[in-house]
2 protein chains.
Amino acid sequence: MSGLTIGDLAKRTGLAVSAIRFYETHGIVHPVRNAGGHRRYGAHDLRRLSFAMIAQKLGISLTDIANQMIHLPIHKAPSKSDWSRISTEMRTDLDARIAQLELLRDRLDGCIGCGCLSLDSCALYNPDDIRANEGTGPRALLP
Amino acid sequence: MSGLTIGDLAKRTGLAVSAIRFYETHGIVHPVRNAGGHRRYGAHDLRRLSFAMIAQKLGISLTDIANQMIHLPIHKAPSKSDWSRISTEMRTDLDARIAQLELLRDRLDGCIGCGCLSLDSCALYNPDDIRANEGTGPRALLP
DNA sequence: CCTTGATCTAAAGTTGACTTTAGAAATTAC
DNA sequence: GTAATTTCTAAAGTCAACTTTAGATCAAGG
């Protein structure tokens, strides 16, 4: 009668059904159950998923997103001010990531013809100020 | 007598001993063994490690780095022309990554005051042309 | 010679974000 | 009413890049 099935939600968001269930374990969505034990979702869940998906595009980890949502009523979507707060934080981080990549690019330009490949003298290899693509997993973006 | 121990190499590169052993399984280094079965490395191994570490800073995966090294003699370090070829490819990719992040930033600017969070209308959520931070693991950078 | 300390191997664990699998029960379509 | 979908759960698997663990052996300093 009321509510979207998990399949409906998957079609609307483009997420896999399994991903939506996984998000539930992280507290992103909070479906109710129908008589047969199947999940039913409301519009707030759709918005919460949208919020999570967009925040992920910005590089925020699921854990951080979930932490933001902890402060929200379970059956409410994030508000405009929630979004403002987070997106403003993101703006700063995004600038930093861009600056790092540009630094890397500039150094690479000076290095393409060099080929010294020495850890001592190569400007490219500077552990202190190059943070981009450090390796496995996404970095924490919200403190 | 001859050759560096794995500990020496670790100190010179800043890598963990376990990481160097791991790299060996990927064919990055090829130590010989001494009488007691311990690994002994040459200068070429140090350079191969440097090459790998610098390439990683550029966002190239270990697998891709190993694939590049397959074409090299085992006991030879990558040459200037090897580095040129790879670094030139990287330059292109780096530009693309920067452009994507800048696009994201511009859209975020237009979105900070908005808060619509709609998958249909939010410019931020455009699966087709935003590739940055797609999620788990590093992207393939060399084809 | 003896005691630290370094190295050895193989296997399992870590993290993030999910997917896959298997077998059972509910729902929908005809 | 029955067949075809969907959904259910819990547990295990995946990928990348390593690290940790355990128990054994090797090397080096005094």
Side-chain angles (χ1 to χ4, degrees), chain A residues 1-29 31-41 45 49 52-67 69 132-142, chain B residues 1-29 31-41 45 49 52-67 69 132-142:
Chain A
M1 184 157 181
S2 84
L4 299 155
T5 68
I6 196 167
D8 294 337
L9 216 54
K11 269 169 212 149
R12 297 263 190 117
T13 59
L15 292 168
V17 166
S18 60
I20 299 176
R21 288 203 198 95
F22 174 75
Y23 288 161
E24 184 181 342
T25 68
H26 283 255
I28 307 285
V29 285
V32 296
R33 300 302 180 114
N34 74 354
H38 285 196
R39 295 170 176 85
R40 288 301 127 99
Y41 298 87
D45 289 313
L49 278 183
M53 294 171 76
I54 294 172
Q56 274 196 302
K57 287 279 165 189
L58 292 176
I60 309 180
S61 72
L62 252 201
T63 304
D64 287 338
I65 293 168
N67 283 339
M69 291 210 181
N133 272 76
E134 272 173 348
T136 188
R139 304 293 111 207
L141 295 177
L142 297 177
Chain B
M1 186 158 179
S2 86
L4 299 155
T5 69
I6 196 168
D8 294 337
L9 216 54
K11 269 169 213 149
R12 297 262 191 117
T13 59
L15 292 169
V17 166
S18 61
I20 298 176
R21 288 202 198 97
F22 174 74
Y23 288 160
E24 183 180 345
T25 69
H26 282 256
I28 307 286
V29 285
V32 295
R33 300 303 180 113
N34 73 355
H38 285 196
R39 294 170 177 84
R40 288 299 130 99
Y41 298 87
D45 288 314
L49 277 183
M53 293 171 77
I54 294 173
Q56 274 196 302
K57 288 278 165 189
L58 292 176
I60 309 180
S61 71
L62 251 201
T63 304
D64 288 336
I65 294 167
N67 284 338
M69 291 210 179
N133 274 80
E134 270 172 348
T136 189
R139 303 294 113 205
L141 295 176
L142 297 177

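Computation of the quantities below employed the complete heavy-atom set of this structure, encompassing side-chain atoms and omitting hydrogens, waters and symmetry-equivalent molecules. Proteins get letters first, then strands, A, B, ... in listed order; numbering begins at 1 in each.
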- prompt: Between A:R33 and C:dA25, does any side-chain N or O lie under 4.0 Å from OP1 or OP2?
  reply: no
message: In whole Å, I'd like the distance from the CD atom of B:E24 to the P atom of D:dC18.
response: 15 Å
query: Rounded to the nearest Å, what distance is computed from the CG atom of residue A:L4 to the P atom of nucleotide D:dT6?
result: 16 Å
query: Between B:I28 and B:A52, what is the shortest heavy-atom contact and its length?
result: CG2-CB, 4.0 Å
query: Any side-chain N or O of B:R40 less than 4.0 Å from the OP1 or OP2 oxygen of C:dA6?
result: no
message: Please check this pair: side chain of A:N67 against backbone of A:D64, looking for a donor-acceptor N/O pair closer than 3.5 Å.
response: no
- prompt: Rounded to whole angstroms, how far apart are CG on A:N34 and C1' on C:dA25?
  reply: 12 Å
message: OP1 or OP2 of C:dT7 versus the side-chain N and O atoms of B:T5: is any pair under 4.0 Å?
response: yes
- line: When rounded to whole Å, the CZ to P distance for the pair A:R21 and C:dT21 reads 14 Å
Candidates C:dC18, C:dC8, D:dA27 - which lies nearest the side chain of A:L62: C:dC18
query: Among the nucleotides C:dT9, D:dC18, D:dT9, which one has an atom lying closest to any side-chain atom of B:A19?
result: D:dC18
query: Starting at the 5' end of DNA chain D, which residue's closest nucleotide do you reach first, A:I6 or B:F22?
result: A:I6
message: If you assign B:H38 and A:Y23 each to the DNA chain C nucleotide with the nearest heavy atom, which residue ends up on the more 5' nucleotide?
response: B:H38
query: Which nucleotide in the set C:dC8, D:dT19, D:dT9 lies at the smallest distance from any side-chain heavy atom of B:R39?
result: C:dC8
- request: For B:A16, report the nucleic acid contact type (base, sugar-phosphate, nothing); a contact means any heavy atom under 4.0 Å.
  value: sugar-phosphate
task: Would you mind telling me which residue lines up with the more 5' stretch of DNA chain C, A:V17 or A:G36, judged by nearest nucleotide?
output: A:V17
- prompt: Rounded to the Å, how far apart are A:D8 CG and D:dT7 P?
  reply: 7 Å
- request: Take atom CG of B:D64 and atom P of D:dC15, then tell me their distance rounded to the nearest Å.
  value: 15 Å
Beyond-backbone contact of A:L15 with A:L9, side-chain heavy atoms, under 4.5 angstrom: no
field: Heavy-atom pair of closest approach, residues B:A10 and B:V17
entry: CB-CG2, 3.9 Å
message: Rounded to whole Å, how long is the line connecting atom CG of B:L9 with atom C1' of C:dA6?
response: 14 Å
Nearest-nucleotide pick for A:S18, side chain only, options being D:dT9, C:dT20, C:dA17: C:dT20
Distance in angstrom units between B:Y41 OH and C:dT7 C1', rounded: 10 Å
Side chains of B:I6 and B:R21 in contact at under 4.5 Å (non-hydrogen atoms): yes
